[in-house]
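Below, chain A is the first sequence line, B the second, and so on; all start at residue 1.
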Protein chains: 2
Amino acid sequence: MPKLEEIVQQLEETGYRNTASRREVIAAVLSQRGHFAIDDICQQVRWAGRATVFRTMKLLQDTSVVCRVLLENGNLHYRLSSIGHHHHLVCVECGGVQDMEDCVVAEMLTRLANQTSYAIEGHWLEFYGRCGDCRVAKPELQAV
Amino acid sequence: MPKLEEIVQQLEETGYRNTASRREVIAAVLSQRGHFAIDDICQQVRWAGRATVFRTMKLLQDTSVVCRVLLENGNLHYRLSSIGHHHHLVCVECGGVQDMEDCVVAEMLTRLANQTSYAIEGHWLEFYGRCGDCRVAKPELQAV
DNA sequence: GTGTTTATTGAGACGAAGTATCAGTTAGTT
DNA sequence: AACTAACTGATACTTCGTCTCAATAAACAC
């Protein structure tokens, strides 16, 4: 779990300034559980304006502090990111997000390379379901 | 390649009316190559209003005439759909869209079921690259 | 054909998500 | 303390999509 000061310091080292608004947005992001919308952050901050929230979120994306999560309905949300991953298992019950093993993706890419004439350069990969905890909590909703 | 009249007839059989606006929107959709935005359709039609275009597109989705394609930047586009597929290989050069083998997806789901405690209920799966034709046309842009 | 019913239409207001502009502010440097 | 470039926030704007509502027109019965 990254800390506010660590992130701010990392940004400073990259040449970005340490401002009150930025710290406020980052703190709001760090307080989130699972995935969240930018609007959740906008509502949580007091001083920082909407434009600054959007700008800071883009900054955090570029520096891999957060990454985008695609929801089932096509909406884009965000989450604190682990390094190098952007394939998710999203719990539709609690909003929790789990990383997917990279090796599963790698194998898929190999297979596509063999079966098609495409040179694959990028992908979106998101799975939706109910996590172990939620399945235990409400077993009656078990998927068929 | 489905024909306008076939689609209209299929809609009629399902209880939907055969109207001029609907036919115009469907004709515009059928004239598309690769993936397209709803806005492309709005600009192509003459009489049909924006709301009608959106309503008809939803109708075409529900009846599996078109399906959504997620672009790399998170935008949603549409394409004429094959039956049962909604996993795509999208060419970033020409906008062409190719279906992905369902078996690849099935194996992935099996693997996820074994490796995690999630009950998978849905997914998004889109790959981006350059198709064979475009690679031949511009080999200097070959992916690394 | 005429009439009736109901789905459908289009204009336009609305909302969410995100970008662009720009004058004013402030962090970091000297 | 002064300077300067980075940053801010208010606001206007765009895009994508939904909602409302009075007007229209299919489809069907007669």
Side-chain angles (χ1 to χ4, degrees), chain A residues 4-5 7-29 32 35-63 65-79, chain B residues 4-5 7-29 32 35-63 65-79:
Chain A
L4 173 58
E5 292 312 325
I7 296 172
V8 170
Q9 191 184 337
Q10 188 192 328
L11 288 179
E12 280 188 288
E13 284 163 7
T14 326
Y16 293 105
R17 290 187 178 169
N18 176 356
T19 71
S21 295
R22 232 165 231 174
R23 277 197 308 275
E24 194 190 21
V25 173
I26 297 172
V29 166
Q32 302 295 315
H35 57 79
F36 55 90
I38 287 195
D39 207 55
D40 295 334
I41 305 298
C42 289
Q43 285 171 18
Q44 202 170 122
V45 296
R46 295 189 205 172
W47 337 300
R50 234 172 64 89
T52 298
V53 173
F54 275 89
R55 280 189 285 242
T56 305
M57 287 304 293
K58 181 161 283 179
L59 194 59
L60 294 178
Q61 267 180 77
D62 292 344
T63 54
V65 173
V66 302
C67 63
R68 300 188 299 180
V69 178
L70 180 71
L71 300 193
E72 213 160 0
N73 61 12
N75 285 353
L76 276 178
H77 272 210
Y78 297 83
R79 68 167 296 215
Chain B
L4 173 58
E5 291 312 325
I7 295 172
V8 170
Q9 191 183 338
Q10 186 191 332
L11 288 178
E12 279 188 288
E13 283 164 7
T14 327
Y16 293 104
R17 290 186 181 170
N18 177 354
T19 71
S21 295
R22 231 165 232 173
R23 277 197 308 277
E24 195 190 22
V25 172
I26 297 172
V29 167
Q32 301 296 315
H35 58 78
F36 54 91
I38 287 195
D39 207 55
D40 295 334
I41 306 299
C42 289
Q43 285 172 18
Q44 200 168 125
V45 296
R46 295 189 205 173
W47 337 300
R50 234 170 61 90
T52 298
V53 173
F54 275 90
R55 280 187 285 241
T56 305
M57 286 304 294
K58 182 161 282 178
L59 194 59
L60 294 177
Q61 266 180 77
D62 292 345
T63 54
V65 173
V66 301
C67 62
R68 300 188 298 180
V69 178
L70 180 70
L71 299 194
E72 213 161 0
N73 62 11
N75 285 353
L76 275 178
H77 273 209
Y78 297 82
R79 68 168 296 215

Axis-to-axis angle for the helix from C:dG1-D:dC30 to C:dT30-D:dA1, ends of five pairs each, to 10°, equals 20°

Separation of D:dA27 atom P from B:Leu11 atom CG, nearest Å, is 11 Å

note: A:Arg46, atom CZ; D:dG9, atom P; distance rounded to Å ~ 14 Å

Separation of D:dT14 atom C1' from B:Gln43 atom CD, nearest Å, is 13 Å

Under a 3.5 Å cutoff, is there a donor and acceptor pairing between the side chains of B:Asp40 and B:Gln44?
no

B:Arg23 atom CZ is separated from D:dA25 atom P, nearest whole Å, by 13 Å

The contact string for nucleotides 17-30 of chain C, one letter per nucleotide 5' to 3', using protein heavy atoms under 4.0 Å with B, S and - for base, sugar-phosphate only and none, comes out as SBBBB----BBS--

A:Phe36 CZ to C:dA16 C1', in whole Å, measures 18 Å

query: Could you walk me through whether B:Tyr78 and B:Val69 pass the side-chain contact (heavy atoms from CB on, under 4.5 Å) check?
result: CA-CA 5 Å; B:Tyr78 297 82; B:Val69 178; over 6 Å; no

Note to self: Between A:Arg23 and A:Val8 (side chain of the first, backbone of the second, donor and acceptor by atom type, cut-off under 3.5 Å), is there such a pair?
What the structure shows: no

Heavy-atom nearest pair, B:Phe36 first then B:Met57, reads CE1-CE, 3.9 Å

Practice prompt. Measure from the side-chain N and O atoms of A:Arg22 to the backbone N and O of A:Arg17, and report whether any donor-acceptor pair falls under 3.5 Å.
Written response: yes

* Asked: Just checking, any donor-acceptor pair under 3.5 angstrom between side chains of B:Glu13 and B:Gln9?
  -> yes

**Message:** I'd like to know if the side chain of A:Arg68 reaches the main chain of B:Asn73, judged simply by a donor and an acceptor atom lying under 3.5 Å from each other, with no hydrogens or angles considered.
**Reply:** yes

**OP:** Determine yes or no for a side-chain-to-main-chain donor-acceptor pair under 3.5 angstrom, with A:Glu24 supplying the side chain and A:Ala48 the backbone.
**Re:** yes

